[in-house]
Amino acid sequence: MNPSSQSEAMREAAHAAFIAAPAHIDGPAGWMGAEMAAHPGRWKIELTDREIAQIDAAIRGAVESGQDLADISPATFRLPLLVGRLESLEQQLLAGPGFALVRGFPVARYSTREAAIAYLGIGSHLGSFRSQNAKGHLLGHVIDLGADIKDPGTRYYQTNRGLEFHTDSCDIVGLLCLRSARSGGESRIVSSVSLYNEMRANHPALCEALFGAFPTDRRGEIPVGASPWFDMPVFHWFDGRLTTIYAGQYIRSAQDLFPEARRLTDTELAAIAKLDELANDRRFSLTMDFRPGDMQFLHNHQILHAREDFEDHAGRDKRRHLLRLWLSPARGRALPSVFATRYGSLEPGARGGIITEQTQLKFVLEPQ
């Protein structure tokens, strides 16, 4: 197929997907920032003393048994008092507003390993662990390593730079705050359903463009037989749901780094610029700070997240440090076949993450 015919076929596919999607999506996934800020009880979960005591007992049990981090599961990290709340949390993520903040975990009383045991134990009740980079890290570390963002292999979470609104390559992303920054570093989230509703109503041509495939930079983490970028629509209407996957920074870097990647049209460039503009509109977004012990969980298919720039403490042992999980729940939604180019498997509970020929799955307790 010649380039002009290919472009026409892509436009036709995007138009068909746009027409299939509803003009407006109702339901709890389509929230606004001020609404959520005014009702924190809808998304904030405070741990009780009894629940904290049970988590503490589970940590001690894992430590005393010499249990390997790879063996942590719902069966080995039992939380009978919390099971019901964790099931409700999963439903809140998958079928509700798509996010939650769990507060009250007394992280300061634990070592990094003990905090990791607790977070992995709680996370295991929500889904299977997925590789977060080409090194195969199943437990990630969000910390400023002084990396140069101009290096094509650098990921933004390795710096103190703000992150633009984006999704990660997994169903659910979780963060546990070990230490907060001296200043800045707030988390901002936005409903991609609400962004869609706004664009569909007031910018329909740009909304339609987002149903077409955008070349997106893999940042040097390339699966066997794949190109250095993957082609993916931002918006998908599939199985009665809007599913979103987006990384504007890496869409733009693909244009800069790979001349052989398809060139974006003016309309497509305007579409991602408008999506970014709306995501940064305070009407749509919700800002939350990270206190030590806070656990944030986000459903990537309906939530975009960002981070403010931050200024860190001087000492290495005082720097802002978050543990991260990428999770795949067994009850996750059906995904369109095009996700296979990024997620690998499409099977709920066994999809998402980054796997290359050199990847070896591991849990690491120090940033690398």
Report task. Taking the six-membered ring of Phe363 (Phe, Tyr or Trp), confirm whether the NZ or CZ of Arg113 is under 6.0 Å from its centre and within 45° of its axis. Result -> no
**Report entry** Pairwise side-chain contact, His141 with Glu366, heavy-atom cut-off 4.5 Å (strictly under)
**Finding:** no
Query raised in the report: Is the shortest heavy-atom distance from the side chain of Leu47 to the side chain of Arg103 under 4.5 Å?
Result: no
Report summary line: Only one of Arg11, Arg262, Arg263 passes salt bridge (charged side-chain N to carboxylate O under 4.0 Å, His left out) with Glu268, and that residue is Arg262
Query raised in the report: Arg42: what forms a salt bridge (Lys or Arg N to Asp or Glu O under 4.0 Å) with it, not counting sequence neighbours?
Result: Glu35
Name each donor-acceptor pair under 3.5 Å that joins a side chain in residues 297-304 to protein atoms two or more places apart or in another chain, with its distance.
unit_1, atom_1, unit_2, atom_2, d
His299, ND1, Leu93, O, 3.1
His299, ND1, Gln302, OE1, 2.9
Asn300, OD1, Asp168, N, 2.9
Asn300, ND2, Cys170, O, 3.1
His301, NE2, Asp171, OD1, 2.6
Gln302, OE1, Arg333, NH2, 3.3
Gln302, NE2, Gly96, O, 2.8
Gln302, NE2, Pro97, O, 3.4

For residues 223-233, dump all side-chain donor-acceptor pairs below 3.5 Å to protein atoms at least two apart in sequence or in another chain.
unit_1, atom_1, unit_2, atom_2, d
Ser227, OG, Trp229, O, 2.4
Trp229, NE1, Asp231, OD2, 3.4

Query - Thr216 (side chain) donor-acceptor with Tyr250 (main chain) under 3.5 angstrom - result: no
Query raised in the report: Looking only at atom types and distance, does a side-chain atom of Glu221 sit under 3.5 Å from a main-chain N or O of Ile354, one as donor and one as acceptor?
Result: no
Report task. Give every residue pair that meets the salt bridge (Lys or Arg N to Asp or Glu O under 4.0 Å) criterion with at least one member in residues 247-261, sequence neighbours excluded. Result -> Glu164-Arg252, Arg252-Asp276
**Report entry** Inter- and intrachain pairs under salt bridge (Lys or Arg N to Asp or Glu O under 4.0 Å), touching residues 90-99, at least two apart
**Finding:** Glu90-Arg331
Report task. I would like to know whether Tyr110 and Phe105 meet ring-ring contact (aromatic ring centres under 6.0 Å, His included); could you show each step before the answer? Result -> CA-CA 10 Å; Tyr110 300 111; Phe105 177 62; 5.3 Å; yes
Query raised in the report: Could you give all pairs that pass the ring pair (Phe, Tyr, Trp, His ring centres under 6.0 Å) test and reach residues 42-79, with sequence neighbours left out?
Result: Trp43-Phe99
Query - Plane angle bin for Phe235 and Tyr196 - parallel if under 30°, tilted between 30 and 60°, otherwise perpendicular - result: perpendicular
Query raised in the report: Between Leu325, Val102, Val142, Leu323, which is the residue that forms a side-chain contact (heavy atoms from CB on, under 4.5 Å) with Leu176?
Result: Leu323
